[in-house]
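First the proteins, then the strands, lettered A, B, ... as listed; each starts at 1.
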Amino acid sequence: MLDLKLIRSNPELVKAALAKRGASISLEPFLALDERRREKLAEVEKLKNKRNVVSEEIGRLKQAGQGAEAMVLEMREVSAAIKDLDDEIRRLEGEIQQTLLGIPNIPDEGAPVGRDEQDNVELRRWGEPPQFTFAPKAHWDIGEALDILDFERGGKVAGARFTFYKGLGAALERGLINFMLDTHTREHGYVEVLPPFLANSASMTGTGQLPKFAEDMFKLEGTDYYLIPTAEVPVTNLYAGEILDGGKLPIYHCAYSACFRAEAGAAGRDTRGLIRQHQFNKVELVKISNQEDSWEELEKLTLNAERILQLLGLPYRVMALSTGDMGFSAAKTYDIEVWLPSYNSYKEISSCSNFRDFQARRANIRYRVGKGKPLFAHTLNGSGLAVGRTVAAILENCQTEAGTVKIPALLQPYLGGVTEIK
RNA sequence: GGAGAGAUGGCCGAGUAGGUCGAAGGCGGUCGCCUGCUAAGCGAUUAUACGGGCUAAAACUCGUAUCAAGGGUUCGAAUCCCUUUCUCUCCGCCA
């Protein structure tokens, strides 16, 4: 959520910033609402003041045993007027709030300006895509041939975009989760949390999934529960409504969760394999930072996610997302893309963003330094990493001509010493 | 799922036959004083949001709101009524 005062005092700046996203938003109706609200507010506050003063006087008179009938009658009318004005103001505020919640974050100056993913900027590469002396197979073929992934039965039991992992496939997924969590907690200083996989609408609003992206999520019928699309939601909202001790920032959390996405607009895309599932596993990194350090924290967080790929020996590149390709809540985003032979290209495996105070304002996450006023925190998060896509990358990049898969050395202890899936 | 109890400021905790309560007291925090060391003592201060005034911006100042949330009764509600949420205890059920 943007600062109402910023929009009010500097609408042109806001408009220009949002235009970079390709979002042309007319702020005039909004500003008119805001103007009207303030008028009504001044009006009603004057009346309330009168009511407070006179009511006090009535109390005094009654205790002195004197009548105050005329005043009571007058105040009865004042109260009626107040009620009408309050209703009007409530209505206006609701409208303003809804509009505000629907406006995306202002892109940071450092984010490359562009229309879509074509304009993303490559920052760096690590590792070399493997050169195969044979025709490499896609991970879905490898997985079925080794009997470690079962897409067919996933479809039977649940539906399209659901998969059974089996045997060493399941163990590989589980081992990766532990490997990632261990690396982030032991080497990068994150505190692990295991969050609820359902969250309510207030939390979904806090991180920006609602109100605009309801159709991307699964909602439990007859309840206020949504299946979380990412652990970002419960973990960031961990501190919703709180005033944190500025001295305790930054807070680093990593969290494993299953993630659930309706993939409403993705029909026909990535239909095969593990790349785009309704349910997938992810280890998420979340940071609550002060306002000064969040940019540095974003760089560090991205490196923490990259580290996993380096330890696994998987080639990747890092992209700075263009303003037109960034998510709704982000001020700046780096995508990490892993090499995927079946796509013959790099494929997103992590997305690391600084939201600045956009989420904190919605979720009311603040901190205080000394005796100072509470300040909105800056929130960040990134995948560290998407586990299913990591499995896909390992199967494809580490495959052999014989159809087996070599397990990266550092992962072997997590698979009971297994060196190869065959 | 059934029965009961509860939700007050950073924390603990008063306050319910409605009126001067943004809210006693304590703890903690901050500033000052005192004491030739740590301690203790004394005094003061210590919420947030929104809107107005002033300002380069603050400070400051005025107003309004906030005692879980929302609604109602009333001239006036932390105090009365209704709804919802959450917490605790007992029973049932269950991993």
So, is [X] close to the [N] phosphate, meaning a side-chain N or O under 4.0 Å from OP1 or OP2?
{"X": "A:K5", "N": "B:rG51", "result": "yes"}
{"X": "A:K83", "N": "B:rG72", "result": "yes"}
{"X": "A:S79", "N": "B:rU74", "result": "no"}
{"X": "A:R60", "N": "B:rU20", "result": "no"}
{"X": "A:R37", "N": "B:rC50", "result": "no"}
{"X": "A:N49", "N": "B:rU64", "result": "yes"}
{"X": "A:N52", "N": "B:rG76", "result": "no"}
{"X": "A:R368", "N": "B:rA47", "result": "no"}
{"X": "A:R76", "N": "B:rC75", "result": "yes"}
{"X": "A:R8", "N": "B:rG51", "result": "yes"}

Can you say whether the rings of [X] and [Y] are parallel (under 30°), tilted (30 to 60°) or perpendicular (over 60°)?
{"X": "A:Y252", "Y": "A:Y190", "result": "tilted"}
{"X": "A:H139", "Y": "A:F151", "result": "perpendicular"}
{"X": "A:W140", "Y": "A:Y343", "result": "perpendicular"}

With a 6.0 Å cut-off (strictly less than), is the heavy-atom count around OH of A:Y225, excluding the residue itself, greater than 12?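 No - once you tally the heavy atoms of other residues, nucleotides and ligands closer than 6.0 Å, there are 12 at most.
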
CD of A:E152: more than 12 outside heavy atoms within 6.0 angstrom? no

Which sits closer to the 5' end of RNA chain B, A:L73 or A:D3, going by the nucleotide each is nearest to? A:D3

Residue whose closest nucleotide on RNA chain B lies nearer the 5' end, A:K48 versus A:V72: A:K48

For nucleotides [N] and [M], find the distance between their [atom1] atoms and express it as a whole number of Å.
{"N": "B:rC90", "M": "B:rU66", "atom1": "C1'", "answer": "35 Å"}
{"N": "B:rC27", "M": "B:rA44", "atom1": "P", "answer": "14 Å"}
{"N": "B:rU73", "M": "B:rC81", "atom1": "P", "answer": "15 Å"}
{"N": "B:rU87", "M": "B:rA24", "atom1": "P", "answer": "30 Å"}
{"N": "B:rC31", "M": "B:rA23", "atom1": "P", "answer": "25 Å"}
{"N": "B:rU30", "M": "B:rU83", "atom1": "P", "answer": "47 Å"}
{"N": "B:rU46", "M": "B:rC37", "atom1": "P", "answer": "30 Å"}
{"N": "B:rA40", "M": "B:rA59", "atom1": "C1'", "answer": "36 Å"}

Please report, rounded to the nearest Å, how far the [atom2] atom of [N] is from the [atom1] atom of [X].
{"X": "A:L41", "N": "B:rA49", "atom1": "CG", "atom2": "C1'", "value": "11 Å"}
{"X": "A:L47", "N": "B:rG76", "atom1": "CG", "atom2": "P", "value": "13 Å"}
{"X": "A:E56", "N": "B:rU64", "atom1": "CD", "atom2": "P", "value": "10 Å"}
{"X": "A:M1", "N": "B:rC50", "atom1": "CE", "atom2": "C1'", "value": "13 Å"}
{"X": "A:Q97", "N": "B:rA49", "atom1": "CD", "atom2": "P", "value": "16 Å"}
{"X": "A:I82", "N": "B:rA65", "atom1": "CD1", "atom2": "P", "value": "8 Å"}
{"X": "A:E45", "N": "B:rU66", "atom1": "CD", "atom2": "P", "value": "12 Å"}
{"X": "A:K46", "N": "B:rU64", "atom1": "NZ", "atom2": "C1'", "value": "13 Å"}

With a 3.5 angstrom cut-off on both distances, give the Watson-Crick or G-U wobble partner of [N], or none if there isn't one.
{"N": "B:rC93", "answer": "none"}
{"N": "B:rA49", "answer": "B:rU64"}
{"N": "B:rA17", "answer": "none"}
{"N": "B:rG41", "answer": "B:rC33"}
{"N": "B:rG10", "answer": "B:rC27"}
{"N": "B:rA77", "answer": "none"}
{"N": "B:rA58", "answer": "none"}

Sugar-phosphate only, base, or nothing, as touched by [X] at under 4.0 Å among non-hydrogen atoms:
{"X": "A:I58", "result": "base"}
{"X": "A:K62", "result": "base"}
{"X": "A:E57", "result": "nothing"}

Closest to side chain of A:R38, choosing from B:rG52, B:rU20, B:rC75: B:rG52

Nearest listed nucleotide, side chain of A:R366, among B:rU48, B:rU20, B:rC75: B:rU48

For the residue pair A:Q277 / A:T163, report whether a side-chain donor-acceptor contact shorter than 3.5 Å exists.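 Result is yes, a qualifying pair exists.
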
When you check the gap from the basic side-chain N to the acidic O, do A:E43 and A:K46 get nearer than 4.0 Å? no

Look at the side chain of A:R161 and the backbone N and O of A:R276, then say whether any donor-acceptor pair between them is shorter than 3.5 Å. yes

